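A quick write-up on the structure given underneath.
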Amino acid sequence: MASPIDATTIAPGGRPLGLFAINLDRSPDRWAAIERGFSGMPWPIHRVRAVDARGDAAEVLAVRGTSLAYPPEAVGWNAHRNRLFMLTEEACLCGHVMAWRQFLASDFRHAIVLEDDAVPLAGFEPVVSQLLSDGFDADVVKLEGIYRQGGRKAIEVARLRDHRLVRSLRPVSGAAAYLVTRPAAERLLARIGKALIPTDDFLWAPSWHGLKVADVSPFIAMQSGAASVIATSLKAKKAGGRKSALRGFAMSLQRLAERLSLYWMACQGRPHTLLTATMAPWVPDDYNLGNRTAVIAEDRRSSNG
């Protein structure tokens with residue numbers, strides 16, 4: 001049962017955590033899966049009704065006041081990648097923007113934002129409970145991961161039972177499950193503005209928002225591997241519009257600046273702490289390699305946006 005969110009219920013020192021799951025009206029099966037996976041936990045679930053790029057484009061564009069620079073499919077140029085930013089990507093980003101807004105209109109102190117293909121893995125509830133009880137040195141904690149062999153170079157922040165809280169030295173794709181504080185949600189809303197950037201690229205890059213981003217190692221949530229309901233082909237993203245001759249070079253410099261900012265935030269402005277970085281285990285021991293369908297889905301999503 002979705003928890004009602006009403007701005008009039010806001011009170012100092014409100015409830016510790018609410019789950020905000022983004023879901024399209026045409027995907028009731030995914031909402032049912034979210035309820036099966038998360039409803040047994042001690043935190044209420046609230047459904048965030050997603051806007052649908054396949055339906056009313058005006059409804060999508062109204063969320064942030066954007067417009068179609070390249071009708072009928074592209075909002076403009078992607079601020080992070082040298083290609084078009086599609087209406088489907090805008091709809092996905094708008095789902096997160098609406099989740100942040102609804103979180104801030106609630107009395108929760110923290111939120112976990114979920115996309116409707118998120119699946120909790122072993123350790124999800126105890127790790128999140130420990131983060132809430134002990135506190136954590138981060139503004140955004142990414143809970144989701146994608147299967148990759150080996151570990152990931154990272155700086156350890158804290159121990160969480162059989163897991164660790166770390167600051168990754170590499171970008172971490174995906175935005176299917178992350179924990180966010182109220183001040184961080186306010187900052188994300190203030191900094192996203194009308195920027196045309198995929199949600200996960202925006203979240204991992206502190207150069208965009210100045211927040212401390214951490215990851216749970218090994219990850220405690222994953223994407224289900226279900227077929228994307230919003231994907232747009234890479235060919236479509238590269239079609240149309242006219243690229244400036246210098247755009248590719250400028251984007252390369254921007255990506256370098258984003259990566260350097262990631263390192264700086266990871267070491268908290270103390271470069272010598274980079275020497276303490278270790279290989280953080282990324283995949284849970286009980287991860288079923290049959291879940292590689294999720295890897296395929298993420299690779300397809302990455303190529304699509």
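Quick caveat: nothing in here was measured; it's all calculated off a predicted structure.
Nearest heavy atoms, Leu24 versus Asp116: N-OD2, 3.9 Å. When all heavy atoms are compared, the tightest approach of Val180 to Val113 is CG1-CG2, 4.4 Å. Summarising the geometry of Pro72 relative to Leu68, their closest heavy-atom pair is O-CD1, 3.6 Å, with the distance given to 0.1 Å. In plain terms, the two heavy atoms of Val63 and Arg101 that are nearest each other are O-NH2, 3.0 Å. Closest of all the heavy-atom pairs between Thr181 and Ala138 is CG2-O, 4.3 Å. Taking both residues in full, the closest heavy atoms of Phe136 and Val141 are given as CD1-CG2, 3.8 Å, listed atom of the first, atom of the second, then distance.
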Inset, instruction - Show the numbers, then the answer: is there a side-chain contact (heavy atoms from CB on, under 4.5 Å) between Val172 and Tyr178? - result: CA-CA 12 Å; Val172 180; Tyr178 57 92; over 6 Å; no
Inset, instruction - Go through Thr66 and Glu90 one step at a time and tell me if the side-chain hydrogen bond (donor to acceptor under 3.5 Å, both in side chains) criterion holds. - result: CA-CA 9 Å; Thr66 52; Glu90 174 67 11; 3.3 Å; yes
Inset, instruction - Test Leu87 against Glu73 for side-chain contact (heavy atoms from CB on, under 4.5 Å), laying out the working first. - result: CA-CA 5 Å; Leu87 183 63; Glu73 294 185 275; 5.5 Å; no
Inset, instruction - Could you walk me through whether Ser106 and Phe103 pass the side-chain contact (heavy atoms from CB on, under 4.5 Å) test, one step at a time? - result: CA-CA 5 Å; Ser106 76; Phe103 164 41; 3.9 Å; yes
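Ion pairing between a basic and an acidic side chain is recognised when a charged N comes within 4.0 Å of a carboxylate O; Lys142 and Asp215 show no such pairing. Salt bridge present: Arg81 and Asp201 bring a charged side-chain N and a carboxylate O closer than 4.0 Å. Salt bridge annotation for Arg26-Asp52: present, with a cationic side-chain nitrogen under 4.0 angstrom from a carboxylate oxygen. Salt-bridge annotation for Asp134 and Arg159: absent, with no side-chain N of the basic residue lying under 4.0 Å from a carboxylate O of the acidic one.
Between the NZ atom in Lys153 and the CG atom in Leu274 there is a gap of 10.0 Å [rounded to 0.5 Å]. Atom OG of residue Ser224 and atom CD of residue Glu115 lie 10.5 Å apart, to the nearest 0.5 angstrom. Considering CG of Leu17 and OG of Ser129, their distance stands at 8.5 Å, rounded to 0.5 Å. Note that CZ of Arg36 and CZ of Phe38 are 12.0 Å apart. Values are rounded to the nearest 0.5 Å. Taking CG of Leu19 as the reference point, atom CG of Leu114 lies at 5.0 Å (rounded to 0.5 Å). In this structure, CG on Asp137 lies 3.5 Å from NZ on Lys212, to the nearest 0.5 angstrom.
Under the 3.5 Å distance criterion, the side-chain polar atoms of Lys194 are matched with a main-chain donor or acceptor of Gly65. Side chain of His46 to main chain of Phe20: no donor-acceptor pair is present (N/O by atom type, distance under 3.5 Å, no hydrogens or angles). Put simply, the side chain of Ser217 gets close to the backbone of Pro281: a donor and an acceptor are under 3.5 Å apart. Between the side chain of Glu144 and the backbone N or O of Phe219, no donor-acceptor pair lies under 3.5 Å.
Contact annotation: the side chain of Phe202 never approaches that of Thr199 to less than 4.5 Å [non-hydrogen atoms, C-beta and beyond]. Looking at heavy atoms from C-beta onward, Leu196 lies out of side-chain contact with Asn78 at the 4.5 angstrom threshold. Using a 4.5 Å heavy-atom threshold, the side chains of Trp43 and Leu132 count as touching. The shortest side-chain heavy-atom distance between Arg167 and Cys267 does not fall under the 4.5 Å cut-off. At least one side-chain heavy atom of Arg152 sits less than 4.5 Å from a side-chain heavy atom of Arg170. Looking only at side-chain heavy atoms (C-beta outward), Val51 and Met98 come within less than 4.5 Å of each other. Counting heavy atoms from C-beta outward, Gln268 and Val157 have side chains that stay 4.5 Å or more apart. Counting heavy atoms from C-beta outward, Arg64 and Ile192 have side chains that approach closer than 4.5 Å.
In summary, the side chains of Arg47 and Asn23 do present a donor paired with an acceptor at a separation below 3.5 Å, with no hydrogens or angles considered. A donor and an acceptor atom, one from each side chain of His80 and Gln254, are nowhere located under 3.5 Å apart. For the 3.5 Å distance criterion, the side chains of His163 and Gln130 fail to qualify, holding no donor opposite an acceptor. No donor-acceptor contact under 3.5 angstrom links the side chains of Glu258 and Trp204, judged on distance only.
Checked against Leu160 for a side-chain contact (heavy atoms from CB on, under 4.5 Å), the options Ile220, Val127, Val166 give a single hit: Val127. With Pro171 as the fixed residue, the side-chain contact (heavy atoms from CB on, under 4.5 Å) test singles out one of Val213, Asp200, Leu203, Leu262: Leu262.
Using a 4.5 Å cut-off between side-chain heavy atoms of Ile, Leu, Val, Met, Phe, Trp and Tyr, with links allowed through other members, Trp264 and Val140 fall into different hydrophobic clusters. Under the 4.5 Å side-chain heavy-atom criterion for Ile, Leu, Val, Met, Phe, Trp and Tyr, Ile146 and Leu169 are members of distinct hydrophobic clusters.
Judged by the 6.0 Å distance and 45° axis criteria, Arg182 is not positioned over the aromatic ring of Phe108.
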